[in-house]
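Right, one structure below, let's go through it.
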Amino acid sequence: MTSAPLEPFAVTIDFATGALVPDPDVLDRRLADLDGYFVADIDDPGVGAYTVHEVRVPPTGNNLLSSTTVLAPGKVGDEYFFTKGHFHAIRDRAEIYLTLSGEGLLVMALEDGRTVTKEMRPGIANYVPGHWAHRSVNTGTTPLVFYAVYIGDAGYDYATIAERGFPVIVVEGEEGPEVRPNPRYVAS
Ligand code: PAN
Ligand code: ZN
């Protein structure tokens with residue numbers, strides 16, 4: 001079945017702040033929402049971690065959903081702030097992340113525990129194929145802002161990551177960010 005055409009439209013993206021115009025759907029994640037995700041305990045659960053600004057289109061397989069994410073700089077213990085991370089509910093749905101400002105790492109993991117970590121900085125478009133869980137990590141001192149485009153019916157499976165964690169963590173080492181095995185990862 002084909003659906004009726006949508007009306008073409010445009011949004012304006014502020015590359016520095018991630019704000020959209022129009023900006024109808026903004027999700028606000030605090031450290032409290034990341035309780036249990038870091039190795040160390042969270043000192044102040046009220047601190048803002050990231051916002052997600054969504055472009056409003058129907059979440060169907062014939063549309064492309066997109067959003068900006070604005071991830072604050074900071075650390076919990078030695079770990080840099082990160083997004084929760086997820087598999088797509090429909091596992092084979094792919095996604096592109098285009099970094100607009102800041103710097104970070106994109107950590108991707110398969111269900112069997114294999115990981116790939118890629119740099120995020122302005123101008124880099126990261127391709128996240130289906131089946132790879134993905135989490136962005138802000139390793140810089142300014143907000144990490146990126147634009148994500150994904151197949152509309154992808155959906156989110158947060159539970160698998162919430163229960164098992166990612167196989168690796170990103171910590172501040174002597175000479176900058178280091179990717180290390182996650183001592184709390186629960187292998188399948
Ligand atoms: C992104 C993410 C966004 C926030 O739009 O949803 O960066 O990360 P979490 O969803 O893991 O909290 C995306 O990957 N959408 O599919
Ligand atoms: Zn995704």
Side-chain angles (χ1 to χ4, degrees), residues 11 13 15 17-20 23-38 42 45 47-61 63-74 76 79-111 115-122 124-140 143-170 182:
V11 296
I13 304 173
F15 284 19
T17 67
L20 306 178
D23 202 351
D25 296 305
V26 184
L27 178 73
D28 189 27
R29 296 274 192 218
R30 317 236 131 223
L31 287 181
D33 298 307
L34 293 163
D35 189 28
Y37 281 74
F38 293 97
I42 291 167
V47 167
Y50 57 100
T51 53
V52 181
H53 305 244
E54 283 195 13
V55 177
R56 197 179 267 177
V57 296
T60 50
N63 280 310
L64 296 173
L65 282 183
S66 66
S67 59
T68 54
T69 299
V70 185
L71 175 58
V76 173
E79 275 180 284
Y80 296 101
F81 282 9
F82 53 61
T83 56
K84 287 183 166 198
H86 57 269
F87 290 94
H88 287 152
I90 301 182
R91 282 291 194 273
D92 67 358
R93 296 310 196 237
E95 178 153 9
I96 288 172
Y97 278 14
L98 173 64
T99 302
L100 306 179
S101 52
E103 60 186 279
L105 291 175
L106 175 57
V107 179
M108 292 162 281
L110 291 174
E111 297 219 46
T115 61
V116 172
T117 302
K118 294 284 185 189
E119 194 184 351
M120 296 177 80
R121 65 182 153 74
I124 296 183
N126 290 102
Y127 191 77
V128 184
H131 301 283
W132 289 86
H134 38 288
R135 160 179 289 166
S136 30
V137 183
N138 187 345
T139 58
L144 173 64
V145 182
F146 60 92
Y147 179 61
V149 183
Y150 41 107
I151 300 169
D153 63 358
Y156 302 91
D157 167 12
Y158 288 108
T160 304
I161 297 298
E163 287 159 17
R164 297 176 50 193
F166 267 74
V168 294
I169 56 175
V170 183
N182 180 359

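Scope of the values below: all heavy atoms of this structure, side chains included, with no hydrogens, waters or symmetry mates. First listed ligand is number 1; within each ligand, the first listed atom is number 1.
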>> Using side-chain contact (heavy atoms from CB on, under 4.5 Å), reason through Thr69 and Thr51 one step at a time and then give a plain yes or no.
In response: CA-CA 6 Å; Thr69 299; Thr51 53; over 6 Å; no
> For atom 8 (O) of ligand 1, what's the nearest protein heavy atom and its distance?
Replying inline: Thr83 CB, 3.5 Å
> Nearest protein heavy atom to atom 12 (O) of ligand 1, by residue and atom, and its distance?
Replying inline: Tyr50 OH, 2.5 Å
>> Quick check for you: with the Zn ion (ligand 2) as the vertex, what angle do NE2 of His134 and OE1 of Glu95 span, to 10°?
In response: 90°
> Does Ala19 offer a backbone N or O that forms a donor-acceptor pair with the side chain of Thr17 under 3.5 Å?
Replying inline: yes
> Roughly how far apart are Ile151 CD1 and Asn63 CG, rounded to 0.5 Å?
Replying inline: 11.5 Å
> Does ligand 1 have a heavy atom under 4.0 Å from the side chain of Arg135, from its backbone, from both, or from neither?
Replying inline: neither
> With atoms numbered from 1 as shown, which atoms in ligand 1 lie under 4.0 angstrom from a non-hydrogen atom of His88?
Replying inline: 16 (O)
>> Could you measure the distance from the CD atom of Glu111 to the CZ atom of Phe87? Nearest 0.5 Å is fine.
In response: 4.0 Å
>> Report the atom name of the nearest N/O/S atom of His86 relative to the Zn ion (ligand 2).
In response: NE2
>> Could you tell me, atom by atom, which parts of ligand 1 come under 4.0 Å of a heavy atom of Tyr158?
In response: 9 (P), 10 (O), 11 (O), 12 (O)
>> Under 4.0 Å from a heavy atom of Tyr156: which atoms of ligand 1 are those, numbered in the order shown and with their elements?
In response: 6 (O), 15 (N), 16 (O)
>> Between Asp23 and His53, do the side chains contain a donor N or O and an acceptor N or O under 3.5 Å apart?
In response: yes
> Any idea which atoms of ligand 1 are less than 4.0 Å away from a heavy-atom of Glu95?
Replying inline: 1 (C), 13 (C), 14 (O), 15 (N), 16 (O)
>> Quick test: of every protein heavy atom, which one is nearest to atom 5 (O) of ligand 1, and how far off is it to 0.1 Å?
In response: Ser67 OG, 3.1 Å
> Under the 3.5 angstrom rule, does the side chain of Asn138 hit a backbone N or O of Leu71 as a donor-acceptor pair?
Replying inline: yes
>> List ligand 1 atoms under 4.0 Å from His134, heavy atoms only on the residue side.
In response: 14 (O)
> For ligand 1, which atoms sit closer than 4.0 Å to a heavy atom of His86?
Replying inline: 2 (C), 6 (O), 9 (P), 10 (O), 11 (O), 13 (C), 14 (O), 15 (N), 16 (O)
> So is there a nitrogen or oxygen of Gly85 less than 3.5 Å from a nitrogen or oxygen in ligand 1?
Replying inline: yes
> Should you measure from each heavy atom of Phe146, which atoms of ligand 1 turn up under 4.0 Å away?
Replying inline: 7 (O)
> Is any side-chain N of the basic residue among Asp33 and Lys84 closer than 4.0 Å to the acidic one's carboxylate O?
Replying inline: no
> When rounded to the nearest 0.5 angstrom, what distance separates CZ in Arg121 from OG1 in Thr139?
Replying inline: 11.0 Å
>> Checking side-chain polar atoms at under 3.5 Å, does Tyr147 have a donor or acceptor matched by the opposite partner on Ser66?
In response: yes
> Between the candidates Leu144, Leu106, Thr69, which shows the shortest non-hydrogen contact distance to atom 3 (C) of ligand 1?
Replying inline: Thr69
> ligand 1 and Ser136, any nitrogen or oxygen pair closer than 3.5 angstrom?
Replying inline: no
> Which ligand 1 atoms, with their elements, are less than 4.0 angstrom from a heavy-atom of Tyr97?
Replying inline: 1 (C), 2 (C), 7 (O), 13 (C), 14 (O)
>> Does any N or O of ligand 1 fall below 3.5 Å from an N or O anywhere on Arg29, backbone included?
In response: no
>> For Phe38 together with Phe82, are the ring centres under 6.0 Å from each other?
In response: yes
> Is it true that His88 and His131 have ring centroids separated by less than 6.0 Å?
Replying inline: no
